[in-house]
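Letters go in sequence order (proteins before strands), and every chain restarts at 1. These numbers come from the heavy atoms of this one structure, side chains and all, not from hydrogens, waters or symmetry mates.
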Protein chains: 2
Amino acid sequence: MVTSTSQDVAKKAGVSVATVSRVLNHSPHVSPNVQRKVLRAVKALNYQPNRSAQRLRAKRSHVIGIIISDIQNPFFTAVVRGIEDIAYKHGYSIVLCNSDEDADKEQLYINVMRAEAVAGVILASTSETNPHVHGLIAHHIPVVAIDRRIKDRQVDSVLVANAQGAFEAVTHLIELGHQRIGLIGLPPTRTPGVERYEGYQRALRERGLPVSRKYVCWGNAKLQGGHDCALQLLDLQPPITALFVANNLMTLGALSALRERQLQIPNQISIVGFDDMPWAPLLQPPLTVVAQPTYELGQQAAELLVDRLEHQEKPVARLQLQSNLIVRGSTGPVPISA
Amino acid sequence: MVTSTSQDVAKKAGVSVATVSRVLNHSPHVSPNVQRKVLRAVKALNYQPNRSAQRLRAKRSHVIGIIISDIQNPFFTAVVRGIEDIAYKHGYSIVLCNSDEDADKEQLYINVMRAEAVAGVILASTSETNPHVHGLIAHHIPVVAIDRRIKDRQVDSVLVANAQGAFEAVTHLIELGHQRIGLIGLPPTRTPGVERYEGYQRALRERGLPVSRKYVCWGNAKLQGGHDCALQLLDLQPPITALFVANNLMTLGALSALRERQLQIPNQISIVGFDDMPWAPLLQPPLTVVAQPTYELGQQAAELLVDRLEHQEKPVARLQLQSNLIVRGSTGPVPISA
DNA sequence: ACAGGGTCTGAAATCGTTTACAAATGTAAA
DNA sequence: TTTACATTTGTAAACGATTTCAGACCCTGT
C-alpha cells in the first residue's frame, strides 16, 4: 500500500488537484457533479491529505500543544484529558510536553511548538512573567494560560479561585477551634502558590489570629516536599493542631509523615488537602479537601483556544473556576490536650 | 518578529541554502570556514528549521505518536512519562491520543498518525489482532506494542509478565489459607485480561483448588466496574474470603464496595490489587499489590522505537518485564468463622 | 447578436526544506 | 603542464498541498 496524494485523487476523478482541494475544503463554486466524483475517488483511494504539506502551504494545522509541569501529577492528568476530549471533538490532536518547572526545558518546548507550527498552545507557565511566550505570540500562535497566570494582556486564561479555596479550607479549620494551623505551601513564584498563601493569611486575619512565618513551609510540589515540610512543622512548640496542604502530592507526603509520627487523624491533628482525588474518600479517615474542577479546566482551556483559532480578534477571556470544599473525616475539633 | 528561513540564513552567511542545509545536517564535505559562518548566522537569526517542510521533503520527523486507552489511568500516566523522558533525550516530541478502548477512535487516530507522518507509534492496542496497524506498517511507520500484544511478527513489544504476577498474588492468598478467591478481571479480549486470568487459574490448579466461573467477574477497567463486580462476588454463598483485582482503578472501586458492606480488611476479607500506586501504602490497611514497572515500561518502549528508527532492519524485539508482589496489610489469614 | 456578469475549473506559483546533479576549485600524480 | 580525482559549493527539482489568476462556459437583458 502506498500513500495516495491529491494528484492520484485528481487523476482518478478526472479533475485537477485544485478542484480536489476545493472539494475537501468546502470552498463554494464547485458543481455537485464534480464534488461527487471527487468524494468517490477520495474514498476509493482512502486518501488522507498530507498534513505537513497543508501546514507548509496553508499555515493551518490540526495540532494543539500542551506544556505542563508533570503529567504524573493527577491534577494535570485530568486537565490534559479534558483538553483531549474537546480537541478530539474539533478534529485536533495534542502534543504533550513536561517542563518539570524548568524554564530552559519550557523554552525548548516553546521553540518546538513554533517549529512544528502548532495551531495554538495551552501552557501552565513556569513563571508569571514569561518571556518565552512572546516568541509564540509574535508568530501569531495563540496561547491559553492554565493554572498559572501569565502577565501578558494578550493571552486567554483559565484559572482556579485559589485564594477563595484556601480561605474556605482554613476558615473551616478555625471554626473547628484550631488556632495554630500549619501551611505546607507551593513555591510562591507561581499563581497557585501565591494565591493559596493569600487565602490562608486572609482567613487567619479575618478571625483575628496571628499570621506567623514559622507555621509556613514551602515544599517542592512533590511527595517528598510534603513529607519533609510536615516533619518540620510537627516539631514546632507549641505544636500545631491542624495542617493545610496546598497540593495533592504533598498531601500524600504529609500523610505518610503523620503516620510515621503515629498521630491520630483527626483526634490529634486535622488535615485538609488541595485538589480531590479518587482515592481521597478511601483513606482512613476520608480526606477533607478543596476540590478543583480539573477536567472542566482542561475543557474550558481547549474551548477557548479553538474559539480563538476561529475568531482571531475576539476579546481576551479570563476565566476563573470555583473550587469546592469537601468536608470528610480528616478534620475535627481541636484536641482537648491542646 | 518574523520567522526566519534557511534563505535568510543563507543570505546572511553569504552561501546557498543547500550549504545551510548541509551544515545543519552534519553532512560531510563542508569546510570549517563556511560552517562557522553558517552557524553564526543561524544563531544571529534564531533560526529554527520549519519541521513541516522537513517532513514533507525528507520524510523525516521528530514526533512519536502514543495511543493508549486513557491517560487518567495512573498506569498509562507513568508509561507516558517514561516515554516522554526518553523521547526528550533524543529530541523527539510526543503526540498523545486516548482511544478509550474504542476501535473506531483508535482507527481514526492511526490515520492521524499517518497523515501527520510521525516517526513511529507506541500503541496499547484495543485488540490483539489489530487490522489498523497494517496501515502504519505498510507505510514503514514502525510500531511498538505496549501492555497488549499485537499478533504481527513485525512489531516490537514491551509487555509485563502478567500471568506470573497474578500467579504469585493468588498463590500468596492460597498460602494464607484462602480457598474461595474471587477474581475481578479485565475483559479477556486483551493481553492483560487473558494473562492475569491464566495466572489466577494456574495458581488454583497447582494447589489442587477448584476453578469456578462463579468466582470470576469481568469489569470495565474503571472504578465503577470494580465496585459492581465486588458487590456481585460478595453476594456469593458460601462467601469468598479473598479478592484478587486485576487493575488499579477497579481495586479502588472494590475497596469502596468493601467499605459499604463494612467488611474488615484483612480480618473478614483479604484483597490484592494489580499495579502499585503512591497512595497504596497510605490506605488503612496498606494495600498488598502486584507492582508493575510502569515507568520503565515506557522508557523501554521509547528506547526500542528510537533504536528501530535508527536501525530499520534490526531484529524484532519482544521484551517482558517482571512484576513484583508487595505484601502489605490488606492480606491476612482466613477468617476463623469461614 | 452581443456585452456583461456570474459560476465553475485548471495552470502554475508558492510554502521551506532536502538532495541529485553539475560546476568549480584544489591537489596530487604522470 | 596536463590529467585525474577528490573536495567543496551552487542550481534547480522535488515533496504535496493551497491559492491566485485567468480562461471557459452559461445566463440574462438590451
Side-chain angles (χ1 to χ4, degrees), chain A residues 2-39 41-42 45-63 111-112 114-119 139-141, chain B residues 2-39 41-42 45-63 111-112 114-119 139-141:
Chain A
V2 179
T3 322
S4 46
T5 71
S6 58
Q7 294 253 16
D8 304 330
V9 175
K11 195 175 299 169
K12 179 145 194 138
V15 299
S16 74
V17 289
T19 302
V20 173
S21 171
R22 272 190 279 258
V23 171
L24 264 40
N25 292 293
H26 309 105
S27 85
H29 307 318
V30 39
S31 75
N33 187 23
V34 169
Q35 179 158 344
R36 221 171 315 119
K37 277 197 298 182
V38 170
L39 290 179
V42 164
L45 296 174
N46 186 25
Y47 167 70
Q48 299 219 206
N50 179 319
R51 292 195 178 188
S52 304
Q54 286 186 319
R55 258 196 289 243
L56 178 58
R57 174 61 231 236
K59 285 158 175 28
R60 164 160 43 88
S61 119
H62 293 94
V63 175
N111 286 339
V112 169
R114 190 150 66 87
E116 287 281 353
V118 300
H139 289 280
H140 306 104
I141 298 178
Chain B
V2 179
T3 322
S4 46
T5 72
S6 57
Q7 295 253 18
D8 305 329
V9 174
K11 196 175 296 168
K12 180 145 193 139
V15 298
S16 74
V17 288
T19 301
V20 173
S21 171
R22 273 189 278 259
V23 170
L24 263 41
N25 292 293
H26 310 105
S27 86
H29 309 318
V30 38
S31 74
N33 186 24
V34 169
Q35 180 159 345
R36 220 172 313 118
K37 276 197 299 183
V38 170
L39 289 179
V42 165
L45 296 174
N46 185 25
Y47 166 71
Q48 299 219 205
N50 179 319
R51 292 194 179 188
S52 304
Q54 285 186 321
R55 257 198 289 246
L56 178 58
R57 173 60 227 231
K59 286 161 177 24
R60 162 160 44 88
S61 122
H62 293 92
V63 175
N111 285 339
V112 169
R114 191 150 65 86
E116 286 282 353
V118 300
H139 289 280
H140 305 104
I141 298 179

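- Scanning all heavy atoms of the two residues, the minimum distance from B:Arg114 to B:Ile141 falls at CA-CD1, 4.2 Å.
- Listed pair B:Ser31 / D:dT9 meets the phosphate criterion, a side-chain N or O lying under 4.0 Å from OP1 or OP2.
- Smallest separation of non-hydrogen atoms from B:Ser4 and B:Leu45: OG-O, 3.2 Å.
- By the side-chain hydrogen bond (donor to acceptor under 3.5 Å, both in side chains) test, A:Ser52 pairs with B:Arg55, sequence neighbours left out.
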Just by protein heavy atoms under 4.0 Å, how would nucleotides 13-19 of chain D read 5' to 3' in B, S and -?
BBBBBBB
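- Rounded to the nearest 0.5 Å, atoms CD (B:Gln54) and CG (B:Leu56) are 11.0 Å apart.
- Note: A:Asn50 CG to B:Lys59 NZ = 7.0 Å, rounded to the nearest 0.5 Å.
- For the salt bridge (Lys or Arg N to Asp or Glu O under 4.0 Å) test, residues two or more places apart in sequence or in another chain that qualify with A:Arg51 are B:Glu116.
- Annotation: side-chain hydrogen bond (donor to acceptor under 3.5 Å, both in side chains) contacts of B:Ser61 (sequence neighbours excluded): none.
- Taking every nucleotide of DNA chain C with any atom under 4.0 Å from a non-hydrogen atom of chain A, the first and last of them, 5' to 3', are C:dT7 to C:dG16.
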Show each protein N/O and nucleotides 23-28 of chain D N/O combination with a separation under 3.5 Å, one pair to a line.
none

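- Take B:Thr5 and apply the side chain to side chain contact (heavy atoms under 4.5 Å, CB included) test, not counting sequence neighbours, and it matches B:Gln7, B:Asp8.
- For the helix from C:dA1-D:dT30 to C:dA30-D:dT1, the end axes, each set by the C1' atoms of five terminal pairs, are bent relative to each other by 60° (nearest 10°).
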Table please: side-chain donor-acceptor pairs of residues 9-21 of chain A below 3.5 Å, with sequence neighbours left out.
{"unit_1": "A:Ser16", "atom_1": "OG", "unit_2": "A:Ala18", "atom_2": "N", "d": "3.4"}
{"unit_1": "A:Ser16", "atom_1": "OG", "unit_2": "A:Thr19", "atom_2": "N", "d": "3.4"}
{"unit_1": "A:Ser16", "atom_1": "OG", "unit_2": "A:Thr19", "atom_2": "OG1", "d": "3.3"}
{"unit_1": "A:Ser21", "atom_1": "OG", "unit_2": "A:Asn25", "atom_2": "ND2", "d": "3.3"}

